[in-house]
Amino acid sequence: MNKETIISARDLSLTFQTNDGPVHALKDVSLDIEKGEFVSFIGPSGCGKTTFLRVMADLETPTSGEISVNGVSPEEARRARAYGYVFQAAGLYPWRTIGGNIRLPLEIMGYSKADQAERVDRVLELVELAGFEKKFPWQLSGGMQQRASIARALAFDADILLMDEPFGALDEIVRDHLNEQLLQLWARTQKTIAFVTHSIPEAVYLSTKIVVMSPRPGRIADVIESSLPRERPLEIRDSPEFIEIAHRVREGLRAGHGDDV
Amino acid sequence: MRQSLIPVLTVVVAIITLWYAAAVWLNAPWAYDKAQRAGVELSVSDMVVDTWSQKKPKLPAPHQVTREIWKTTVKKKITSKRSLIYHSWITLSATLLGFALGTALGISLAVGIVYNRTMDMSVMPWVITSQTIPILAVAPMIIVVLNAVGIQGLLPKAIISMYLSFFPVVVGVVKGLRSPDHMQLDQMRTWHASSTQTFWRLRLPSSMPYLFTSLKIAMAAAIVGAIVGELPTGAVAGLGARLLAGSYYGQTIQIWSALLMAAALAATLVALIGLIQRIVLKRMGMAQ
């Protein structure tokens with residue numbers, strides 16, 4: 001794969017002004033994400049991992065520094081609908097069917113009716129929810145709802161997928177299954193994925209690059225390039241390489257944390 | 001529905017019992033008065049029978065009111081000036097028009113408040129102030145002013161009705177339109193949705209449960225407004241006019257039957273909104 005930088009951040013800082021004084025959510029963060037990479041952001045709460053993702057999505061404005069998404073500013077990228085964003089909660093509208101929920105961004109973006117229908121079919125297939133188009137969200141389990149929300153983010157042609165702890169609220173068995181599916185989906189769609197998590201095994205299992213972050217101020221403590229092959233069965237988690245990478249992540253988290261664990 | 005039947009019936013029976021007892025208590029002095037003047041000794045049973053059948057009792061007994069309602073609804077032609085159905089229709093038409101105007105005004109104000117910062121800061125205090133003014137004082141002036149510019153009949157009453165009913169709609173719909181959480185709004189932003197798209201696809205559907213709750217209160221307020229609006233018009237027609245005429249001539253039975261009719265009307269209208277609410281929210285997957 002030829003290298004092409006999709007997201008590039010240079011000395012990015014973001015300070016929130018609160019009643020208790022300024023909070024340095026991000027401080028001098030620099031990072032490049034290449035096309036087709038799967039990058040995980042891991043760290044304790046308050047380390048700025050979600051804030052970083054939200055800056056990429058133009059949901060927050062950095063106080064200083066530079067960031068480009070697809071070669072343009074995050075705002076232009078957002079206007080060009082360059083990314084799909086998956087939130088912590090599925091956020092499906094109860095008054096729309098699963099198909100209707102996936103159609104929502106397509107309607108907003110002005111896709112033709114026929115195109116909408118074709119895309120809904122395709123992404124439902126992709127997340128293994130074919131046949132659930134006419135069901136309402138409450139008729140689906142939590143894991144299925146989150147899959148539907150991923151399908152919704154995939155329905156339009158965004159090459160970037162930003163995911164903010166999408167499986168955080170799910171139990172471990174469902175999570176394993178969804179992780180496996182997500183890897184297959186990534187392999188098939190060739191998307192660039194930025195993925196926020198607080199689970200070490202999840203980060204190591206999924207990523208080609210793991211960004212370890214630490215809090216106060218939010219900064220990057222370590223960037224680990226994964227040596228694992230792209231093809232990853234669940235059993236890979238018992239391999240020595242996997243355990244070694246997980247160990248390095250844990251070390252990075254501990255170093256960034258100082259004594260206040 | 002079935003489980004609530006027995007409790008509801010129990011309450012109804014209790015109310016009717018209390019009502020009969022109160023009728024005896026309140027009407028007894030007049031019964032004894034009459035007996036004394038006629039020079040007869042009144043037994044307890046005669047007294048009770050008398051308190052439940054006086055022509056102008058302080059508190060008419062339930063069966064007297066029921067008989068009056070029966071007489072003035074079923075037995076009278078609808079076109080007759082003495083038909084309660086005719087008067088109810090007059091009030092109902094003003095109520096419905098006022099309710100429709102109030103709902104439209106309430107929703108428009110709410111949309112303005114949610115989408116326009118200036119309106120957000122300036123309108124709400126006035127909306128609240130408007131409700132602190134006693135409607136009974138404003139109603140005659142509205143009637144007089146509108147009459148001076150040649151508007152009379154249904155519209156002035158509907159405007160008073162609107163004045164009372166727009167308030168709960170504004171408050172409820174503002175809350176409803178603001179009910180989508182940060183995540184849902186951020187989500188719309190990631191899709192670069194316009195504010196019109198966000199309104200129709202997210203804010204408005206989200207506000208439905210709030211809207212229906214407000215509409216129920218607004219409907220009850222609208223009927224009060226319509227009745228109040230009928231009082232200063234010289235008591236020509238409508239349930240308000242029946243109330244006023246009844247009190248002029250001490251026709252307590254007529255007052256109570258008009259009151260019960262108004263209550264039944266309000267209950268029916270509110271129940272109707274409740275029914276629509278249940279159907280709509282169920283279809284929207286938002287039923288509680």
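Below, chains carry the letters A, B, ... as their sequence lines are ordered, and counting in each starts from 1.
Counting non-hydrogen atoms of neighbouring residues, nucleotides and ligands closer than 6.0 angstrom, the CD atom of Gln139(A) exceeds 12 such neighbours. Other residues, nucleotides and ligands place more than 12 heavy atoms under 6.0 Å from the CD atom of Glu118(A).
Ranked by heavy-atom pairs shorter than 4.5 Å toward chain B, the options Tyr85(A), Tyr83(A), Trp138(A) are led by Tyr83(A).
Neither the backbone nor the side chain of Ala80(A) comes within contact range of chain B; no heavy atoms are under 4.5 Å apart.
Among the residues in residues 110-124 of chain B, none has a non-hydrogen atom closer than 4.5 angstrom to a non-hydrogen atom of chain A. Applying a 4.5 Å heavy-atom cutoff, the residues of residues 107-115 of chain A that approach chain B are Glu107(A), Ile108(A), Met109(A). Contacts between residues 90-102 of chain B and chain A, counted as heavy-atom pairs separated by less than 4.5 Å, involve no residue at all. Proximity to chain A at a heavy-atom threshold of 4.5 Å picks out Met183(B), Gln184(B), Asp186(B), Gln187(B), Met188(B), Arg189(B), Thr190(B), Trp191(B), His192(B), Ala193(B) from residues 178-195 of chain B, in numerical order.
Minimum heavy-atom separation, Tyr93(A) to Leu202(B): OH-CD1, 3.3 Å.
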